[in-house]
**Student:** 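Following this message is one structure expressed as structure tokens.
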Amino acid sequence: MSTIQNEPFSIMTKIPFELRLWWNDLGKEGQDKVKKYLKDLPDLLNIQPRGDIIRSLVTCWDSAHNVFHFSDFELFPTLEEIAGYIGNDEALLRFKYLIAPRAVTVHRFLDSLKIPRTFHHPDFAKGFCSLRLIYARYGHVGGFNKPDFKLCSRDNRQKWDEHRLVAFMIAFLGLIVFPRKDGNIDLKVAGVVSTLLTQDKSTLAPMIMADIFRALTAFRAGGNFFEGCNLLLQMWMTDNLCHRSQLLGYGSPEKTCIGEFYTRIKGVSLPEEVTAWMSFFRTLTANQIQWMLGWLPVEEILYMPATRPHFLLMGLKSIQPYVPYRVLRQLGRYQVVPKDEDLSTRVVEISPDGRFPEKEVR
């Protein structure tokens with residue numbers, strides 16, 4: 001189904017101004033503490049969303065195999081590539097703790113923000129919280145000074161400073177990485193942040209990938225909002241279109257993969273607007289692709305299990321099949337196309353309360 005002919009469809013195309021102000025107000029020390037857990041993801045605040053790329057790219061998506069089809073090749077973001085964007089120390093995925101979605105009660109959400117459990121808001125019962133509510137309390141120093149908010153850290157600036165870092169992580173992930181159409185923050189994101197804080201070797205890569213796959217399938221089927229991290233997806237696609245004469249490394253805190261994105265694509269001619277992108281994708285061939293991203297560490301990659309040609313990625317909103325053999329060429333390995341299988345039967349949706357449906361996951 002063409003998503004271009006069935007408007008309206010929307011994508012996160014504007015990063016909230018309050019989120020940028022909040023990040024800048026954290027200062028170098030606060031930003032470094034956030035990056036200890038979110039790695040390089042906050043650099044996405046400096047990326048301009050390109051809805052035209054996503055709207056056009058989704059027409060190439062094959063939801064039966066979770067892969068992009070072009071004229072003579074297949075492509076999709078690999079776990080290693082997404083982990084590379086997050087940060088170089090994410091490279092060895094086999095040693096990482098995989099984050100799983102969990103139900104987050106209103107009380108637990110309030111606990112994560114250090115707001116008394118006696119606080120009530122009608123949005124909580126619907127499973128979300130507004131940026132305005134969190135920003136008023138932690139986005140600027142006025143939240144600490146305002147007695148009406150009755151924060152647990154009242155009168156203790158050091159504690160408030162610590163709590164605002166957690167609040168920022170919840171707001172950032174809920175708005176930029178796991179966005180909702182209404183611009184609010186899913187309460188389950190607080191559970192994700194809790195895991196990041198308590199599990200040193202945890203990684204967001206599989207969860208981000210699963211939600212991108214789900215968003216592509218839903219958008220392709222006629223959904224009206226892209227509920228995945230469109231910023232990472234547009235960067236990945238653009239990087240694959242930029243041929244480079246030498247390998248690039250981003251191993252220092254001052255030079256990150258996301259932070260250097262615009263340096264990498266400087267001087268590269270790319271289409272503008274949906275119509276031009278769609279025409280470009282229809283004629284795109286394998287010899288126009290940068291098959292190995294120069295900044296990607298590929299010493300170790302994840303293959304599929306021995307029993308099936310795929311394994312399952314657990315996202316915030318669904319479980320999605322992942323078939324690395326389809327795109328091993330992207331990782332400098334011999335390409336193998338697995339036996340054809342309709343992977344859509346392996347998808348499992350997760351209910352808003354974080355529970356799984358009563359059916360077997362195979």
**Student:** Quick one: which residue pairs count as a salt bridge (Lys or Arg N to Asp or Glu O under 4.0 Å) with a foot in residues 268-285, not counting sequence neighbours?
**Tutor:**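 Matches after skipping sequence neighbours: Arg50-Glu272.
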**Student:** Taking Thr275's backbone N and O only, do any of them form a donor-acceptor pair with Ser56's side chain (distance below 3.5 Å, no angle check)?
**Tutor:** no
**Student:** Taking the side chain from Arg102 and the backbone from Lys188, do they hold a donor-acceptor pair closer than 3.5 Å?
**Tutor:**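 No: the side chain of Arg102 does not pair with the backbone of Lys188.
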**Student:** Decide if atom CG of Asp72 counts as having more than 12 heavy atoms of other residues, nucleotides or ligands within a radius under 6.0 Å.
**Tutor:** yes
**Student:** Rounded to the nearest 0.5 Å, what separation is found between the NZ atom of Lys201 and the CG atom of Leu196?
**Tutor:**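 Rounded to the nearest 0.5 Å, the NZ-CG separation comes to 15.5 Å.
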**Student:** Under the 3.5 angstrom rule, does the side chain of Gln234 hit a backbone N or O of Gln48 as a donor-acceptor pair?
**Tutor:** yes
**Student:** Measure from the ring center of Phe261 to the ring center of Tyr85 and say whether it is less than 6.0 Å.
**Tutor:** no
**Student:** Between Arg137 and Phe119, is NZ or CZ placed under 6.0 angstrom from the six-membered ring centre and within 45° of the ring axis?
**Tutor:** yes
**Student:** Taking side chain as C-beta onward, heavy atoms only, is Leu313 less than 4.5 Å from Ile319?
**Tutor:**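 Leu313 vs Ile319: side chains apart.
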**Student:** Flag yes if Tyr135 and Val141 sit in one hydrophobic cluster, no otherwise; membership is Ile, Leu, Val, Met, Phe, Trp, Tyr, and two members link when side-chain heavy atoms are under 4.5 Å apart.
**Tutor:** no
**Student:** How close do Asp25 and His140 get, counting heavy atoms only, and between which atoms?
**Tutor:**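 Heavy-atom minimum between the residues: OD2-CA, 4.1 Å.
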**Student:** Give the intermediate values and the outcome of salt bridge (Lys or Arg N to Asp or Glu O under 4.0 Å) for residues Arg132 and Asp123.
**Tutor:** CA-CA 12 Å; Arg132 178 181 297 179; Asp123 290 347; over 6 Å; no
**Student:** Working to the nearest 0.5 angstrom, can you tell me the gap between Phe226 CZ and Leu233 CG?
**Tutor:**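 Result: 5.0 Å between the selected atoms.
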**Student:** May I have the step-by-step check of side-chain contact (heavy atoms from CB on, under 4.5 Å) for Lys33 and Leu26, ending in yes or no?
**Tutor:** CA-CA 10 Å; Lys33 289 179 179 178; Leu26 291 180; over 6 Å; no
**Student:** Contact between Pro16 and Leu175 at the side-chain level, heavy atoms closer than 4.5 Å - yes or no?
**Tutor:** yes
**Student:** Distance from Ile134 atom CD1 to Leu113 atom CG, nearest 0.5 Å?
**Tutor:**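 Those atoms lie 5.0 Å apart.
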**Student:** Just verifying a value: how many Å separate Leu75 CG and Met237 CE, rounded to the nearest 0.5 Å?
**Tutor:** 5.5 Å
**Student:** Parallel under 30°, tilted from 30 to 60°, perpendicular over 60°: which one fits the rings of Phe70 and Phe281?
**Tutor:** tilted
**Student:** Suppose we screen for salt bridge (charged side-chain N to carboxylate O under 4.0 Å, His left out). Which residues come up paired with Asp62, at least two apart in sequence or across chains?
**Tutor:** none
**Student:** Does anything in residues 206-218 form a side chain to side chain donor-acceptor pair (under 3.5 Å)? List the pairs, not counting sequence neighbours.
**Tutor:** Trp61-Thr217, Asp211-Lys317, Arg214-Glu227, Arg214-Glu349
**Student:** Is it the case that the side chain of Trp277 and the backbone of Leu270 share a donor-acceptor pair, with hydrogens and angles ignored and the cut-off at 3.5 Å?
**Tutor:**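 Not at all, since once roles are kept as given, no pair shorter than 3.5 Å links the two residues.
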**Student:** Could you pull out all residues at least two apart from Asp32 that satisfy salt bridge (charged side-chain N to carboxylate O under 4.0 Å, His left out)?
**Tutor:**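 For Asp32 the salt bridge (charged side-chain N to carboxylate O under 4.0 Å, His left out) partners, ignoring immediate neighbours, are Lys28.
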**Student:** Taking the six-membered ring for Trp, are Trp160 and Phe144 parallel (under 30°), tilted (30 to 60°) or perpendicular (over 60°)?
**Tutor:** tilted
**Student:** Between Phe168 and Phe172, how do the two ring planes meet: parallel, tilted or perpendicular, split at 30° and 60°?
**Tutor:** parallel
**Student:** Between Arg326 and Asn66, is any pair of side-chain heavy atoms under 4.5 Å apart?
**Tutor:**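 Of all side-chain heavy-atom pairs linking Asn66 with Arg326, none is under 4.5 Å.
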**Student:** Set out, in order, the CA-CA distance, both residues' side-chain angles and the distance that settles salt bridge (Lys or Arg N to Asp or Glu O under 4.0 Å) for Arg180 and Asp182, then state yes or no.
**Tutor:** CA-CA 5 Å; Arg180 290 170 53 103; Asp182 58 14; 2.8 Å; yes
**Student:** Out of Ile170, Val177, Asp186, Leu173, which one pairs with Val192 under the side-chain contact (heavy atoms from CB on, under 4.5 Å) rule?
**Tutor:**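 Among the candidates, only Leu173 passes.
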**Student:** Is it true that a side-chain atom of Ser130 and a backbone atom of Asn184 form a donor plus acceptor pair closer than 3.5 Å?
**Tutor:**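 Absent.
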**Student:** Excluding sequence neighbours, so at least two apart, what forms salt bridge (charged side-chain N to carboxylate O under 4.0 Å, His left out) with Arg117?
**Tutor:**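 So Arg117 forms a salt bridge (charged side-chain N to carboxylate O under 4.0 Å, His left out) with Asp111.
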**Student:** I'd like to check the salt bridge (charged side-chain N to carboxylate O under 4.0 Å, His left out) partners of Lys266; sequence neighbours left out, ordered by chain and number.
**Tutor:** none
**Student:** Report yes if the distance between the aromatic ring centroids of Phe311 and Tyr322 is under 6.0 Å, otherwise no.
**Tutor:** yes
**Student:** Say whether, by atom type as modelled, one donor and one acceptor occur between the side chain of Asn230 and the main chain of Met12 under 3.5 angstrom.
**Tutor:** yes
**Student:** Examine Trp236 and Ile208 and state if one hydrophobic cluster contains both, with Ile, Leu, Val, Met, Phe, Trp and Tyr joined whenever side-chain heavy atoms are less than 4.5 Å apart.
**Tutor:** yes
**Student:** Should the ring pair Phe124 and His121 be called parallel, tilted or perpendicular, given that the plane angle runs from 0 to 90° and is split at 30 and 60?
**Tutor:** tilted
